[in-house]
Amino acid sequence: MAADQNQTLIEMKNAAFSFGRIPVFRQVNLKIARGEVFCLLGPNGCGKTTLIDCMLGIHTLDTGRLCLMGQSRTRHSPGETARVMAYVPQKHDRHFSFSVLDLLLLGRTPYTAFYASPGKPDIEKAEKILELFGLSHLMHRDYTRLSGGETQLVMIMRALIQETPVIVMDEPTSHLDFRHELMVLETLARLIRERQITLVMATHFPNHAFYFENAGIPVNVAFMGNQSVKPSGTPSRALTQENLARFYHIETVVMTQTLPGKGRIRQIIPIKTLDRETKGTP
Amino acid sequence: MRSFQRHRILWYGLIAALPLVLGACSVFLGRYPVSVRDIGALAAAALTGQGMDPVHFSVIVHVRMPRIILGALVGGSLAVSGAAFQGLFRNPLVSSGMLGVSSGAGFGAALALILFDRYVYVYPFAFGFGLLAVVLCFFIGRLTASTQAITLVLGGVIVGSIFSALISLLKYLADPYDELPAIVFWLMGSLSRAEYDHILTAGIPMIMGSVGLMIIRWRLNVLAMGDREAHSLGLNVTANRIFIIVCATLATAGAVCVSGVIGWVGLVVPHMGRMIIGNDNKALIPVAFCMGAAFLILVDDISRLISTSEMPLGILTSLLGGPFFIYLLRRTRGREW
């Protein structure tokens, strides 16, 4: 596993994308390595979701290259992509009441021929994951009746059943209450540690980046804004008062606390918003 | 759903047996009396090669059996197409005629009834215009340069209303003593013209379409997650959607061209299936086929028995289906939505 440690799983080279004439981003270069958390931060509407869609192949890059597991192409097929990345949506529209089991089995799509459906081994995988999460009792429940937190966990389980090295999440904890937010983060941290999963996430909460760093997981932060993406290194280096002022126009304090038995804990505390003009200097 | 989990096999068996049992019983139903002994005589005649009463033979083999087979095929095809479209468009209010197939086919049939004296032209015309309507929907969707489901639905509404207007125009122009009644009756739907030749020709698209949907049915679950998720789960959304639309269109056009416009089956029978066995398309598609087949055989039986002149099926499907659906709603409290 150690040799794999620094293997680049996803790489974007000189990537650019626009909706018609409206450019979303250009000249994007980024690398995501195995076992790390790649945290994409940026204000509303800066194009985080679009960047993620480009990684997933929902949109095709205008120029530049996307390398998945060393395979560099302008376009990857959905099946190919789905064996590298599993996606946990920000917002899931529920149209039909499937059972939780049926929903989980959808994660087996990339391994299921067009005429077939998931079989016994797939069902066993689903059962195992449910057991791992301690949610076996949900198996035959109607997933449209689950709570927000349970739904998000089911979506994460579906991504795990997809058995990909990378999980992509867009706002993993939106709509979740305090406890469920922490539960999802804990689950993710455990999965990254135990299964060497790489997590790509777009989030509104810089503290999520600190959460994983505090948990001892390698984290890289990238800020998105002004049509570009700026890889900025570890949260301790990236999430400075200057950067937060520049990208979010807010005044913040970064608190560091050493807790007995838990090591050093860092958190950002927002103080107040700044005028747009005071760029760069807090 | 709970009780269903426990008796899964039983339910499947029951639903699969339903069209067979109803079909077998239907041989004996109708204005001309057929008894069990006649069937014995028929079997003996078939085995020994000796003749039987030609009227009996004709009623059973050339009147009742083709109707039952056609009813099963048409009902099943409409129901699976409806179920597939509901899953594909993620909208439970969609039916098999969604993309204008029925209105297109209705226009084709009306045109053929006016242009030609011979009835045989109705089938190719209805089938051809049914397909044309769907192709037009695609082009309307293309105008917006997207393959999103909503533009297709919109295209279906537009094409459907254009063809409905054209049907009205043809009715207005038709000879009121001869052609107009023929058009009106065709539009109300009937199985009375069932013959083996028609079953054979119209059966090909119906079976092809239904089998295609049966093959790809599990992927409807994936598509029901929405385009983004389906894509990220590894599905080529556009290709799969086109395959499903082609299959559903073939099945529906095949059904409509022989039987006329029979409403309700393609909309509500899938929901009956959803209420009994749930929304998993792996189970729903075959169940919808069996229930659609059984439902139409039953309705056709009633149509033959209820009056000396056969009641058009389009009327009966709604009159009978409505109350049954209300009963199901009450029983299940709509929990499958």
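Each chain gets a letter, A, B and so on, in the order the sequences are listed, and its residues count up from 1.
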Practice prompt. Could you tell me if the ring centre of B:His231 sits under 6.0 Å from that of A:Tyr87?
Written response: no
Fill in: chain A interface, residue from B:Asn281, B:Asn221, B:Asn236 that has the most non-hydrogen pairs under 4.5 Å
B:Asn221
Worksheet item: So, A:Lys48 side chain and A:Gly42 main chain: donor-acceptor pair closer than 3.5 Å or not?
Response: yes
Worksheet item: What part of A:Arg83 lies closer than 4.5 angstrom to a heavy atom of chain B: side chain, backbone, both or neither?
Response: neither
Discussion item. Quick check for you: among A:Arg108, A:Glu80, A:His92, A:Met85, which has the greatest number of heavy-atom pairs under 4.5 Å with chain B?
Written reply: A:His92
Worksheet item: Under a 4.5 Å heavy-atom cut-off, does chain B meet the side chain of A:Ser77, its backbone, both or neither?
Response: neither
Worksheet entry | Option passing salt bridge (charged side-chain N to carboxylate O under 4.0 Å, His left out) with A:Glu163 (candidates A:Lys125, A:Arg158, A:Lys128, A:Arg195) | A:Lys125
Discussion item. Go through it in stages, so that I can follow the logic: the residues are B:Ile15 and B:Ile277, the test is side-chain contact (heavy atoms from CB on, under 4.5 Å), and I'd like the CA-CA distance, side-chain angles, deciding distance and then a yes or no.
Written reply: CA-CA 10 Å; B:Ile15 291 169; B:Ile277 59 118; 4.1 Å; yes
Discussion item. Checking the side chain of B:Arg217 only, and the main-chain atoms of B:Met214 only, is there a donor and an acceptor separated by less than 3.5 Å?
Written reply: yes
Item to complete: Only one of A:His204, A:Lys91, A:His208 passes side chain to side chain donor-acceptor pair (under 3.5 Å) with A:Glu171; say which it is.
Response: A:His204
Worksheet entry | Portion of B:Arg219 that has a non-hydrogen atom of chain A nearer than 4.5 angstrom | side chain
Worksheet, complete the sentence: Whatever's closer than 4.5 Å to a heavy atom in chain B on A:Ala159 counts as neither
Worksheet entry | Choice from A:Gly57, A:Ala86, A:Gly107 maximising heavy atom contacts with chain B below 4.5 Å | A:Gly57
Discussion item. Please determine whether a side-chain nitrogen of the Lys or Arg among A:Asp102 and B:Lys282 lies less than 4.0 Å from a carboxylate oxygen of the Asp or Glu.
Written reply: no
Item to complete: Indicate the ring-plane relationship of A:Phe17 and A:His59, choosing parallel, tilted or perpendicular according to the 30° and 60° boundaries.
Response: parallel
Item to complete: Could you please state which residues from residues 287-296 of chain B sit under 4.5 angstrom from chain A, measuring non-hydrogen atom to non-hydrogen atom, sorted by number, or 'none'?
Response: none
Worksheet item: Under 30°, 30 to 60°, or over 60°: which ring-plane class applies to A:Phe114 and B:Phe243, parallel, tilted or perpendicular?
Response: perpendicular
